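Input: a single structure, listed below in structure tokens.
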Protein chains: 2
Amino acid sequence: MDTRSQILQIAERLIKTKGYTAFSYHDIAQELGVKNAAIHYHFTNKELLGIAVVERAIQQWDAYRTRLSKEPVLIQLLEFINLYKANQQERQVCLIGAIATQVTGLPPTMGMRLQVLAESIHTYLSHVLEEGKQKEIFSFETSPSQKAFLIISNLAAGLQLARVMGPQVFQEIKSGILKELSVYNYE
Amino acid sequence: MDTRSQILQIAERLIKTKGYTAFSYHDIAQELGVKNAAIHYHFTNKELLGIAVVERAIQQWDAYRTRLSKEPVLIQLLEFINLYKANQQERQVCLIGAIATQVTGLPPTMGMRLQVLAESIHTYLSHVLEEGKQKEIFSFETSPSQKAFLIISNLAAGLQLARVMGPQVFQEIKSGILKELSVYNYE
DNA sequence: AAACTTACTTACTAATTAGTAAGTTTCCAA
DNA sequence: TTGGAAACTTACTAATTAGTAAGTAAGTTT
């Protein structure tokens with residue numbers, strides 16, 4: 001993998017563990033075994049790096065949801081939850097939560113691109129829920145859009161609560177989501 | 001109000017808007033119209049200030065839940081939601097979400113005290129839900145503890161999503177929570 | 001009135017930060 | 001084989017950061 005991609009990968013991990021303001025070019029440089037200025041060569045300033053991290057997340061999400069969309073809705077839901085579970089296992093939060101809590105003091109463009117990501121995720125999950133409801137695989141009383149907001153917020157804050165209260169909280173939230181959708185016998 | 005309390009109040013607001021790492025002693029000093037060192041007089045270092053902010057939040061929460069516990073369960077739930085709504089109106093996130101997303105790089109004591117706060121909130125809401133279920137005011141299929149985790153995560157991440165996607169998202173989440181509890185005709 | 005405390009200010013240090021400018025190495029293409 | 005671009009390093013700057021030490025003014029206690 002090329003250095004540019006490695007920088008983006010490390011930056012994303014740092015944002016999801018310490019937050020955007022808390023990580024420095026030095027952190028990335030040290031981990032890559034290069035000098036500070038090498039990071040500046042690839043990303044002139046921190047704002048550009050931050051935006052590129054969100055942009056990369058959008059691309060990866062687009063690829064992921066395109067691939068997933070060919071699967072049955074139940075698999076799509078479980079795999080969606082697993083995306084968050086993977087973060088939990090590394091004690092990370094999701095990118096949206098990590099940036100949203102600091103967004104007031106961040107470059108506006110980061111907020112705008114994050115909105116695009118959040119809306120894409122919400123739209124995708126809404127469709128999955130709608131199809132699942134129609135096919136009687138999921139059961140819920142709210143609209144698919146509203147239910148999508150509820151589930152996304154469960155997962156996002158589930159990661160945050162798990163950091164503070166322990167990993168079992170995420171498991172409780174995950175099984176709660178599925179129970180409320182009347183989904184049983186998974187994995 | 002004395003200076004110490006004012007510092008804590010400003011610090012909490014800054015944590016809930018920009019995050020712990022992003023605010024400086026200078027930010028507080030400027031807003032109070034005093035010099036940098038005046039803040040250090042009251043809180044020798046940033047770690048002590050951070051812990052004091054969480055400690056104050058625990059005290060305020062204890063007072064609030066004690067007062068609320070005399071009300072009917074439906075009022076208790078609606079007032080609990082209103083605590084988050086108040087944050088939303090100022091474009092802030094909740095203290096737990098704000099700190100949890102950065103907790104990996106923060107003084108361990110802050111994480112420990114935040115855990116106490118989070119557990120107290122969860123215990124309180126669990127009791128409210130349990131009583132409400134028993135009295136058939138709320139309806140839900142999971143355990144009260146599990147439902148409490150779901151609702152807390154809805155509200156915490158609801159604030160974060162509202163920052164990125166707009167305030168209507170918080171409203172959607174709020175009405176979704178109530179609908180799933182079969183609570184109608186509120187306010 | 002003297003001693004002491006509270007709540008600061010002034011003036012500083014050391015470390016870290018993002019960011020830049022100029023030079024260097026390595027590889028590839030004409 | 002020479003020219004140039006890509007990917008750096010070296011060496012620096014300016015700003016911001018947390019934190020400290022010494023001094024001061026106002027009030028409070030003895």
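Reminder, nothing fancy here: chain letters follow the sequence lines and each chain counts from 1. Since this is a predicted model, take the numbers as computed values, not measurements.
Residue A:F43 contributes atom CZ, which lies 15 Å from atom P of C:dT20 at whole-angstrom precision. Summarising the geometry, the separation between CG on B:N36 and C1' on D:dT17 is reported as 9 Å, rounded to the nearest angstrom. Rounded to whole Å, the distance from NZ on A:K35 to P on D:dC12 is 15 Å. Computed from coordinates, the A:Q30 CD to C:dA15 P distance equals 16 Å when rounded to whole Å. Here the C1' atom of nucleotide D:dC8 and the CG atom of A:D2 are 14 Å apart, to the nearest Å. Atom pair B:H26:NE2 and D:dA15:P shows a separation of 13 Å (rounding to whole Å applied). Taking atom NE2 of B:H40 as the reference point, atom P of D:dA18 lies 7 Å away to the nearest angstrom. If you measure from atom CD1 of B:I39 to atom P of C:dC8, you get 8 Å, rounded to the nearest angstrom.
For the segment residues 5-25 of chain A, the set of residues with a heavy atom within less than 4.0 Å of an atom of DNA chain D is empty. Contacts between residues 44-54 of chain B and DNA chain D, counted as heavy-atom distances below 4.0 Å, involve B:T44, B:N45, B:K46.
Looking at A:Q76, A:R65, A:E119 one by one, the single match for side chain to side chain donor-acceptor pair (under 3.5 Å) with A:Y124 turns out to be A:Q76. Applying the side chain to side chain donor-acceptor pair (under 3.5 Å) test between A:E31 and each of A:H26, A:R13, A:Q6 identifies A:R13 as the sole match.
Taking the ring centre of A:Y41 as origin, the terminal cationic atom of A:K35 falls outside the region bounded by 6.0 Å and 45° from the ring axis.
When Watson-Crick and G-U wobble pairs are counted only if both distances are under 3.5 Å, D:dT30 pairs with C:dA1. Using the Watson-Crick or G-U wobble rule with both distances under 3.5 Å, D:dA11 pairs with C:dT20.
Taking the charged nitrogens against the carboxylate oxygens, B:K16 and B:E90 have no contact shorter than 4.0 Å, which rules out a salt bridge. Contact check on A:K179 versus B:E141 returns no salt bridge, with no Lys/Arg side-chain nitrogen under 4.0 Å from an Asp/Glu carboxylate oxygen.
If you check the side chains of A:T21 and A:Q102, you find a donor sitting under 3.5 Å from an acceptor. Counted by atom type alone, B:T101 and A:Q160 present zero donor-acceptor pairs between their side chains at under 3.5 Å. For A:T104 and B:T17, the side-chain atoms include no donor-acceptor pair closer than 3.5 Å.
Checking the phosphate oxygens (OP1, OP2) of D:dC8, no side-chain nitrogen or oxygen of A:Y41 falls inside 4.0 Å. The phosphate of C:dC8 has OP1 or OP2 within less than 4.0 Å of a side-chain N or O from B:H42. At C:dC8, one or more side-chain N or O atoms of B:T3 fall inside 4.0 Å of OP1 or OP2 (strictly under the cut-off).
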Identify all pairs in which a protein N or O lies below 3.5 Å from an N or O of nucleotides 22-25 of chain C, and state each distance.
none

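The side-chain heavy atoms of A:H122 and B:M165, taken from C-beta on, include a pair separated by under 4.5 Å.
No donor-acceptor pair under 3.5 Å is formed between the side chain of A:Q88 and the backbone N or O of A:F170.
Considering all non-hydrogen atoms of both residues, A:V73 and A:F138 come closest at O-CZ, 3.8 Å.
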Exercise. Check step by step if side chain to side chain donor-acceptor pair (under 3.5 Å) holds for B:S175 and A:Q146.
Key: CA-CA 9 Å; B:S175 83; A:Q146 205 168 17; 2.5 Å; yes

